[in-house]
Protein chains: 2
Amino acid sequence: MSATLRDIAAATGLSVTQVSRALNDHDDVSVETKIRAREAARALNYRPNLSARRLASGRSGIVGLVLPPQDRTPRDSMFVQMVRGLSGAFSRRGRLFVLHAAEDGEDMVSVHQRLIDGGSLDGFVLIEPEHGDPRVAYLQKRGVPLVMHGRGAPRPDYPFFDIDNVAVGRELTAILLRAGHERIGFVNGIASTCYAAHRREGWDTALRVAGLAVDPALHEHGQMTESVGALATLRMMGGDGPRPTALIAGNMLLAKGIYSALAMLGLKVPGDVSVVAHDDMLPGEDLMSLPPTSGTRAALEQSWEPLADALIGAIEGRPVTQLQQVGGFEIVEAGSVAPPG
Amino acid sequence: MSATLRDIAAATGLSVTQVSRALNDHDDVSVETKIRAREAARALNYRPNLSARRLASGRSGIVGLVLPPQDRTPRDSMFVQMVRGLSGAFSRRGRLFVLHAAEDGEDMVSVHQRLIDGGSLDGFVLIEPEHGDPRVAYLQKRGVPLVMHGRGAPRPDYPFFDIDNVAVGRELTAILLRAGHERIGFVNGIASTCYAAHRREGWDTALRVAGLAVDPALHEHGQMTESVGALATLRMMGGDGPRPTALIAGNMLLAKGIYSALAMLGLKVPGDVSVVAHDDMLPGEDLMSLPPTSGTRAALEQSWEPLADALIGAIEGRPVTQLQQVGGFEIVEAGSVAPPG
DNA sequence: TTGCCAAACCGAAACGCTTCGGGCAAGCCT
DNA sequence: AGGCTTGCCCGAAGCGTTTCGGTTTGGCAA
């Protein structure tokens with residue numbers, strides 16, 4: 001068995017109360033007492049009993065994420081990376097991160113309810129935001145801290161970490177506009193996701209600002225897989241109207257599909273068609289073979305630390321405005337863009 | 001807030017003690033009291049507080065799995081499926097299943113230690129067994145229940161669920177021997193894994209029993225990916241000695257690689273080369289395009305329920321011998337085997 | 001009648017921690 | 001000198017549950 005506070009109290013001659021306060025860094029404990037308590041704790045290999053802590057304070061030090069029930073295989077690899085990232089980030093902050101997969105027919109809200117009622121979780125990381133997200137509504141009603149990866153509104157009233165996807169869409173389009181393109185196709189992510197909608201909005205406004213017409217035939221939503229990218233490209237390039245002279249890919253997998261479709265059509269990049277893409281920099285997707293591609297770039301794995309910070313901040317009761325962060329992105333020039341032929 | 005035992009006691013006129021015993025189905029509570037307590041519990045939407053339970057009884061109702069730190073992308077999809085399966089299986093049994101990803105440089109044993117000392121987990125599901133597994137040694141020493149997916153020895157002293165991989169190797173080989181093949185190649189999984197070793201053993205003994213020489217050049221270990229399968233095939237078919245007339249694939253992804261390598265070499269299945277494979281029946285790996293392949297078949301997803309049962313059995317103190325289960329497999333005939341040409 | 005037993009129940013202690021409300025010095029102000 | 005603050009500390013209560021030991025019944029045998 002692990003040592004308890006009482007053991008440390010006995011070893012140091014302090015009271016249990018004071019040891020608790022010392023280890024939790026309260027401010028009416030003298031510095032030397034804190035040191036003494038900490039040393040004894042380490043010597044005795046003390047680990048706080050999370051259940052007892054939770055029972056006494058209402059905090060367990062455990063945070064969780066509920067994996068949505070749909071199984072979309074292409075995302076699996078990303079989920080694992082996310083779990084790894086969050087697990088590490090919380091671990092470094094002395095918290096335990098825990099993943100629970102919703103069952104297939106199960107309602108997301110009731111899964112959260114079950115976890116809260118069990119009395120073991122301090123807060124949640126949410127992914128895949130929706131407009132008017134019911135999970136958010138429920139958790140807010142119950143006063144349970146949360147942080148969202150992404151956001152369901154331009155200016156939500158809950159903590160989140162997101163990148164400015166409107167700007168991503170705008171900048172991707174702007175790169176091509178600056179090179180002189182006027183017919184710009186966009187192979188975007190799944191229609192129902194917020195980030196895809198934001199990027200579309202960016203594309204849309206960039207075109208309008210440039211005084212160009214927005215042709216819905218030049219926009220495709222879909223899963224971010226190679227085949228979807230290829231199919232969308234074939235459809236756009238084989239349409240009746242004038243072909244696009246440039247394409248935007250929502251991520252590198254879509255870009256890969258675009259490249260193979262263009263190769264199949266005998267079109268060269270950037271000679272015949274320019275290509276830009278947003279790169280999440282997910283490792284291990286074996287995209288070495290892709291030609292260098294201009295566009296925007298924001299490492300998804302840089303989300304985990306801010307998310308962890310924001311959730312812990314929420315648990316500790318910091319105001320929401322301090323817990324909303326928008327990450328940056330880079331614009332890279334790699335030679336996949338040229339003026340229209 | 002959720003109702004507590006005291007609320008139920010107040011509502012029913014019973015004592016807290018008796019309500020607790022009633023809800024936990026102890027045997028010195030009258031049937032009608034049990035019913036009364038259960039009804040009140042439901043009416044008040046009572047959820048036991050896991051932290052309090054854990055503190056009092058030493059059981060939290062939470063079990064976990066620690067994801068090994070290496071990131072082997074081809075397995076990610078399987079991990080997600082496993083997490084889903086286990087999460088559901090434990091959920092159905094009133095337990096909470098929880099996943100914790102080990103950090104990259106982190107020692108597996110110390111991760112388990114941290115989780116146990118935190119006092120929140122009742123037991124662990126272990127995956128990827130090793131010979132003399134240090135996790136098992138540690139958990140057994142601390143008296144923490146565990147169940148292994150697979151096994152590190154033919155007859156381990158801990159609970160496990162596994163299929164008879166020696167028999168899988170033997171049967172795959174036997175199918176080909178019966179058709180008259182004598183030079184049989186085996187494209188197997190990673191060398192360090194137990195199941196691959198077991199299958200190799202089955203192949204080996206089947207050959208020996210048939211009075212045939214065992215040629216190590218006809219056995220390849222590697223990741224279970226399409227490219228590994230293709231490369232192994234090219235190597236075996238291009239060797240100096242006599243070519244194999246039949247190939248065994250460790251799973252369907254390897255089989256896919258074998259098929260494309262054979263096609264590249266202009267060899268027909270089963271006319272020129274026979275192929276058998278073991279099929280884990282993992283969904284979503286888009287193997288529709290594969291020709292029907294004879295061999296063995298055991299759905300990996302049938303492991304989750306037995307694993308959950310075994311771990312709960314271990315937690316409840318049932319003897320180890322009742323907690324060791326070997327799942328079956330099918331032998332399927334699909335036309336990818338013919339006598340050697 | 002008395003004594004005994006089993007069935008059904010209950011009070012109180014315990015689990016390890018946090019926190020509320022206070023106590024005791026020592027130093028400062030007026 | 002009396003009263004206040006400040007810094008450090010402690011006892012005890014309480015979180016919601018399980019469980020140990022004991023008490024109250026009613027029935028049955030002696």
Side-chain angles (χ1 to χ4, degrees), chain A residues 1-37 40-41 44-62 94 96 116-122 315-317, chain B residues 1-37 40-41 44-62 94 96 116-122 315-317:
Chain A
M1 291 297 120
S2 190
T4 73
L5 276 192
R6 186 160 32 182
D7 299 329
I8 299 180
T12 56
L14 292 163
S15 71
V16 172
T17 304
Q18 207 60 356
V19 174
S20 169
R21 301 178 69 80
L23 294 180
N24 290 344
D25 209 27
H26 282 229
D27 45 0
D28 64 346
V29 179
S30 71
V31 177
E32 57 189 65
T33 298
K34 283 183 185 173
I35 293 173
R36 206 145 54 101
L44 295 173
N45 189 30
Y46 168 77
R47 312 274 164 181
N49 181 316
L50 298 184
S51 301
R53 173 175 289 178
R54 158 82 201 181
L55 189 56
S57 69
R59 302 262 167 82
S60 63
I62 309 180
L96 188 58
I116 299 167
D117 286 340
S120 17
L121 292 206
D122 286 352
I315 291 170
E316 289 175 349
Chain B
M1 289 300 120
S2 191
T4 73
L5 278 191
R6 185 160 32 184
D7 298 328
I8 299 179
T12 55
L14 292 163
S15 72
V16 172
T17 303
Q18 207 60 356
V19 174
S20 168
R21 302 178 66 81
L23 294 179
N24 290 345
D25 209 27
H26 282 228
D27 45 0
D28 64 346
V29 179
S30 71
V31 177
E32 57 189 64
T33 298
K34 283 184 185 174
I35 293 173
R36 206 145 54 99
L44 295 174
N45 190 29
Y46 167 77
R47 312 273 164 182
N49 181 316
L50 297 185
S51 300
R53 174 174 289 180
R54 157 83 203 183
L55 188 56
S57 69
R59 300 265 168 81
S60 63
I62 308 180
L96 188 57
I116 299 167
D117 286 339
S120 16
L121 292 206
D122 286 351
I315 291 170
E316 290 176 350

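By convention in this document, chain letters (A, B, ...) are assigned in the order of the sequence lines, proteins followed by strands, and residues within each chain are numbered from 1.
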In this structure, CG of A:Asn24 is separated from NZ of A:Lys34 (nearest 0.5 Å) by 10.0 Å
If you check every side-chain atom of B:Ser30, which of C:dT19, D:dC15, C:dA8 has the closest atom? C:dA8
Which heavy atom in B:Thr33 sits nearest to a heavy atom in B:Gln18, and how many Å separate them? CG2-CG, 4.5 Å
N/O contacts under 3.5 Å, protein versus nucleotides 22-28 of chain C?
none

Between A:Leu55 (CG) and D:dT17 (P), how many Å, whole number? 9 Å
Heavy atoms within less than 4.0 Å of DNA chain C: which residues of residues 8-15 of chain A have one? Give them sorted by number. none
Below 4.0 Å: OP1/OP2 of C:dG16 and any side-chain N or O of A:Ser51: no
Please figure out whether A:Arg21 or A:Arg6 has its closest DNA chain C nucleotide nearer the 5' end. A:Arg6
Going by heavy atoms in the side chains, are B:Thr4 and B:Asn49 under 4.5 Å from each other? no
Please confirm whether the backbone N or O of A:Thr12 pairs with a side-chain atom of A:Arg36, one donor and one acceptor, at under 3.5 Å? yes
Taking all heavy atoms of A:Ala9 and all of A:Val19, pick out the closest pair and write down the distance. CA-CG2, 3.9 Å
Round to the nearest Å and state the distance from B:Asn49 atom CG to C:dG16 atom P. 17 Å
Under 4.0 Å between a side-chain N or O of B:Thr33 and OP1 or OP2 of C:dA8? no
Under 4.0 angstrom between A:Gln18 side-chain N/O and D:dC9 OP1 or OP2: yes
Rounded distance (Å) that lies between atom P of D:dC15 and atom CZ of B:Arg53: 19 Å
Contact under 4.0 Å: A:Thr17 side-chain N or O vs C:dT18 OP1/OP2: no
For A:Asn24 and C:dT18, is the shortest distance between a side-chain N/O and OP1 or OP2 below 4.0 Å? yes
Might you point out which heavy atoms bring A:Ala41 and A:Leu23 nearest each other, and give the distance in Å? CB-CD2, 4.1 Å
Nearest heavy-atom approach of A:Ser20 to A:Leu5 is CB-CD1, 3.6 Å
For atom CG of B:Leu50 and atom P of D:dT17, their distance in whole Å: 10 Å
How long is the gap from CD1 on A:Ile62 to CG on B:Leu50, to the nearest 0.5 Å? 9.5 Å
Closer than 4.0 Å, any side-chain N/O of A:Ser20 to the OP1 or OP2 of C:dT18? yes
Residues A:Asp122 and A:Ser60: closest non-hydrogen pair is OD1-N, 2.7 Å
